[in-house]
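The structure appears below as structure tokens.
Bear in mind the structure is a predicted one, so any value in this text is a computation, not a measurement. Here is how names work: the chains are called A, B, and so on, in the same order as the sequence lines, proteins then strands, and each is numbered from 1.
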There are 2 protein chains.
Amino acid sequence: MTAPRTHGPRERMVFAAAQLIRRDGVGATGMREVAARAEAPRGSLQHYFPGGKEQLVNEAVTWAGHYAGKRIARYLATLPEPTPGALFAAMTRQWIDEFEATGFGTGCPVAAATVDSTASTPSAREATSTAFAAWTTPLTAALTTLKVPAARAPALATLMISTVEGAILMARAHQSTAPLATVTAELAPLLDAAATG
Amino acid sequence: MTAPRTHGPRERMVFAAAQLIRRDGVGATGMREVAARAEAPRGSLQHYFPGGKEQLVNEAVTWAGHYAGKRIARYLATLPEPTPGALFAAMTRQWIDEFEATGFGTGCPVAAATVDSTASTPSAREATSTAFAAWTTPLTAALTTLKVPAARAPALATLMISTVEGAILMARAHQSTAPLATVTAELAPLLDAAATG
DNA sequence: TCAGTATTATGACGGCTGTCATAGATTGCA
DNA sequence: TGCAATCTATGACAGCCGTCATAATACTGA
């Protein structure tokens, strides 16, 4: 999976950074490697990202958060039975499919950034916070669309994201999609019960 | 929090490694730093861990898993009202207290190892799998003690660990214990409903 | 065509990493 | 005491890292 050449080099580098981060973590992801992966000239790194690795990583994480957020609406549109549980199943399904297709080598870049650079760089922590927010907000909106009371929706969104993130970790550790399937089945009744009507 | 000097240098180094990993991630944790933190001679590293950093990290992760597993029994013993929901609350409470006491600089070392070295080293991945298992098994046993049917207990244990891991990530990202409190409140009814009787 | 900006190329620098080689010190046992 | 095993000390090594300095090239608009 190479970065699409249709986009500019800057975008490709952000994309490649996100890809490498979610596979190897922030620390093990090198700038030279990002450039190579993006098929972008190494000299462009300091031109497009004068803030250095910190800037590049932060942009990659932020981008990943928005990407996850945008997918929510797409899930919502394609649900045969639009219920909160089905929406959650669509989220986990995406990961199950990816794990089955490409193995357990890659996880969530936001999780990787949270673990790797929360303690060190303040701006990196802010980026992870922004990314989670960009994911939570559309999910909350989707839940209200599915008749979850507005007062309850944010809490359920947090629960859903927390659970899927943890299940991704367990899935990678055990090299099995079972944790994702398990949490999906267990959480569905609770989620659906929250939808009034 | 320095490693207790009562233990031998080997144990202190494993402990210090776990501490540093959960703060900075695997990649950013250096061997020299581990030795310094453990107040152990640098020369002892190659003596006690001939397998190098990989061995040290794996032992630290494995140790962390068993540590988490052993805490389950302690939680269970001190619950005023022994229900699955209360057990989960005890688990999250531990993290809330720690975050409030020492800030959001440190997370779960098993999560860090999963994110940082699942793709690279096979033995590291096995260590994370072992660690999660050492955590899940006692939790499953505890749930059966709390009258959760044996057929259901493993799934709920997976759900609980997934959720707390994800909530830890969100808490660190947002620098707030709110996600932990939220998932605790939301999950309690589901967990308690699983207890027959 | 020319100026000016945007982009790319390349090499070097210091710093840190994990690992190894080698020698020294310490400990426990006979 | 003396030998042996365990442990510690220290320096060096190659490799990679992010960053910077500097120059060459490409492109854009007048």
Is there a donor and acceptor pair closer than 3.5 Å between the side chain of Arg32(B) and the base of dT19(C)?
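By the distance-only test, yes, there is a pair.
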Does the dG18(C) base have a donor-acceptor partner in the side chain of Arg42(B) within less than 3.5 Å?
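Check fails, no donor-acceptor contact within cut-off.
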For [N], take OP1 and OP2 only and decide whether either is under 4.0 Å from a side-chain N or O of [X].
X	N	value
His47(A)	dT7(C)	yes
Tyr48(B)	dT8(D)	yes
Ser44(B)	dT8(D)	yes

Which residue lies toward the 5' end of DNA chain D, Pro41(B) or Leu45(A), if each is placed at its nearest nucleotide?
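It is Pro41(B) whose nearest nucleotide is closer to the 5' end.
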To the nearest Å, give me how far apart [atom1] ([X]) and [atom2] ([N]) are.
X	N	atom1	atom2	value
Phe49(B)	dT8(D)	CZ	P	11 Å
Lys53(B)	dT17(C)	NZ	C1'	8 Å
Glu33(A)	dC17(D)	CD	P	7 Å
Arg10(A)	dT8(C)	CZ	C1'	16 Å
Asp116(A)	dG18(D)	CG	P	13 Å

Side chain of Met31(B), heavy atoms from C-beta onward: which of dT10(C), dT8(C), dT19(C) has the nearest atom to it?
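For Met31(B), the side-chain atoms sit closest to dT19(C).
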Heavy atoms from C-beta onward define the side chain here; which of dT8(C), dA21(C), dT10(C) lies closest to that of Gln46(B)?
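Shortest atom-to-atom distance from the side chain points to dA21(C).
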Evaluate Leu169(A) against Val110(B) for side chain to side chain contact (heavy atoms under 4.5 Å, CB included), listing each step before the verdict.
CA-CA 9 Å; Leu169(A) 291 180; Val110(B) 184; over 6 Å; no
Over all atoms of both residues, closest heavy-atom pair of Val148(B) and Pro84(B):
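Taking Val148(B) first and Pro84(B) second, the nearest heavy atoms are CG2-CG, 3.7 Å.
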For the student: nearest non-hydrogen atoms of Thr106(A) and Phe99(A), plus distance
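Shortest heavy-atom contact: O-CE2, 3.2 Å.
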Do Leu159(A) and Thr182(B) have side chains that get closer than 4.5 Å, going by heavy atoms?
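A side-chain contact under 4.5 Å is absent here.
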